[in-house]
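Report on the structure given below.
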Protein chains: 2
Amino acid sequence: MYTETVRPAPERASDRAYRVLRDEILDGLLPAGTVLLEVEQSARLGVSRTPLRAAVARLVADGLVAGRSGRGFSVTEMSVDSINDLYELREALEERAATLAARGADRSAFRALRERFLAAPALLEAGEHGIHEYYALIDEFDAAIDDAIGNSFLVGALDTVRTHLVRIRRVARGNPVRLRAAAAEHLLILDAIIDGDAALAAHATHVHLHLSRASVLAMLGANEPAS
Amino acid sequence: MYTETVRPAPERASDRAYRVLRDEILDGLLPAGTVLLEVEQSARLGVSRTPLRAAVARLVADGLVAGRSGRGFSVTEMSVDSINDLYELREALEERAATLAARGADRSAFRALRERFLAAPALLEAGEHGIHEYYALIDEFDAAIDDAIGNSFLVGALDTVRTHLVRIRRVARGNPVRLRAAAAEHLLILDAIIDGDAALAAHATHVHLHLSRASVLAMLGANEPAS
DNA sequence: GAATGCGCTTGTGTATACAGAGACCGTGAG
DNA sequence: CTCACGGTCTCTGTATACACAAGCGCATTC
């Protein structure tokens, strides 16, 4: 049969509303503290209140918005404390993920990624478009990790972390020095996974996350010293 | 003012539906594979379809039910593979949590818990009621850990794990030998936290989880050898 | 007798109408 | 001038009505 492999994706209105709101929050179009009124947002997105409520409920489950005491929902804040908390969880999850990936059998995907990361420094010279490409490469790295560990619970927890990480990355964006260093750190993690050195993979991940956190906090302190 | 400390809790219909369905799934009244039809469940729980949909959406976010390809939602299965996956995540989270708790400043709560755990063996002689009390004690232990680490992201991930763990515990229930051993393991973790020995707390947690997983898998293999 | 096509039934997705609760603002008193 | 109280107004929570899509069964035909 020539039928498509998967369902044509029903594309519900609630899915559209969820995706649009999520992207707008992650892109910073809806800054932290923005209140989301049902009637207002449903009119703006061209959907009814019912699917919009479902979308907001999913955002609440993601931790991107929170119900306020009385009226409405608001986009959650990303304080310095919560960034540290997020990195604490991220360390626990990604160190374990790196360990499991290094123990995994199939390393071909990581070998292919290694070649791409070798070209990352040149990519970061190419301006905004190159930086976008670099982040896409990071996403592929994450996807390869997910594929290697094959643990839906761990992948789900990692996905939550990465969602919030997107918001944090906005402040670190446009720091080519840091991104070049991060590419080198990813290469070390990749080498450890390819060599099957689980301990090194975990330690290299820890180092990478430590440096990443320090960079983010430094950028944050430089941008908003008074807060 | 003599006003109550927190809001009187509006107690929405969707909250009731969520709580009832969640408890029924965790208690096994709604076994894995049960299909949830909106009209059917809304009539049974005495709420309309709208709040029921919200409740089901939350259950989907919890991973307790999953949308099926065509029609309806069904309670998720707990396979041996998913149990192993869950314990993998649980190890990563709880070892980190134990480490952070041991580094924490306030250990009075853990000292009080230590006394209670010393009395746990006697509790486990008291039949079904004692076992229930013991699980309540475990919950207080978990709450003390949450309080000590004070990390909403980590606590949230732990909460997800514990939700699924409740379903798994059903098979291990009624194994006093294992529960007595588990109490001793908790005592060791408590001692490590009280002594501020983060490394020992993490290692003791690892050992505890290893033994717990082995016990669960053994019980599962004994109960359903043919599956 | 088997296979295929059509129609009915059923269940989800969405929109809207209605009720209740909380907040904001204005006014009045101290 | 400030604080408290009350009214109004808006926003959420819930129920219901409607449309569409998918699945199942029956009938008809080969």
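A note on names: the letters A, B, ... follow the listed sequences, proteins ahead of strands, and every chain is numbered from 1.
The distance between atom CG of A/Asp15 and atom C1' of C/dT14, rounded to the nearest whole Å, is 13 Å. For the pair A/Tyr18 OH and C/dT14 C1', the computed distance is 20 Å after rounding to whole Å. Rounding to whole angstrom units, CZ of residue B/Phe73 and P of C/dT12 are separated by 8 Å. A/Leu36 has its CG atom 14 Å from the C1' atom of D/dT12, to the nearest Å.
The closest side-chain donor-acceptor pair between B/Tyr18 and B/Asp62 falls under 3.5 angstrom. For B/Ser14 and A/Arg53, the side-chain atoms include no donor-acceptor pair closer than 3.5 Å. For the 3.5 Å distance criterion, the side chains of A/Asp106 and A/Ser108 qualify, holding a donor opposite an acceptor. For B/Arg169 and B/Ser212, the side-chain atoms include no donor-acceptor pair closer than 3.5 Å.
Side-chain rings of A/Phe153 and B/His164 approach one another, their centers coming within less than 6.0 Å.
To the nearest 0.5 Å, atoms OG1 (A/Thr160) and CZ (A/Arg90) are separated by 13.5 Å.
Candidate nucleotides D/dC11, C/dT14, C/dG13 were compared by shortest atom distance to the side chain of B/Glu38, and C/dG13 ranks first. Comparing C/dT14, D/dT14, C/dT12 by their closest approach to the side chain of A/Arg12 singles out C/dT14.
Within a heavy-atom distance below 4.0 Å of DNA chain D, the residues of residues 41-54 of chain A found are A/Arg49, A/Arg53.
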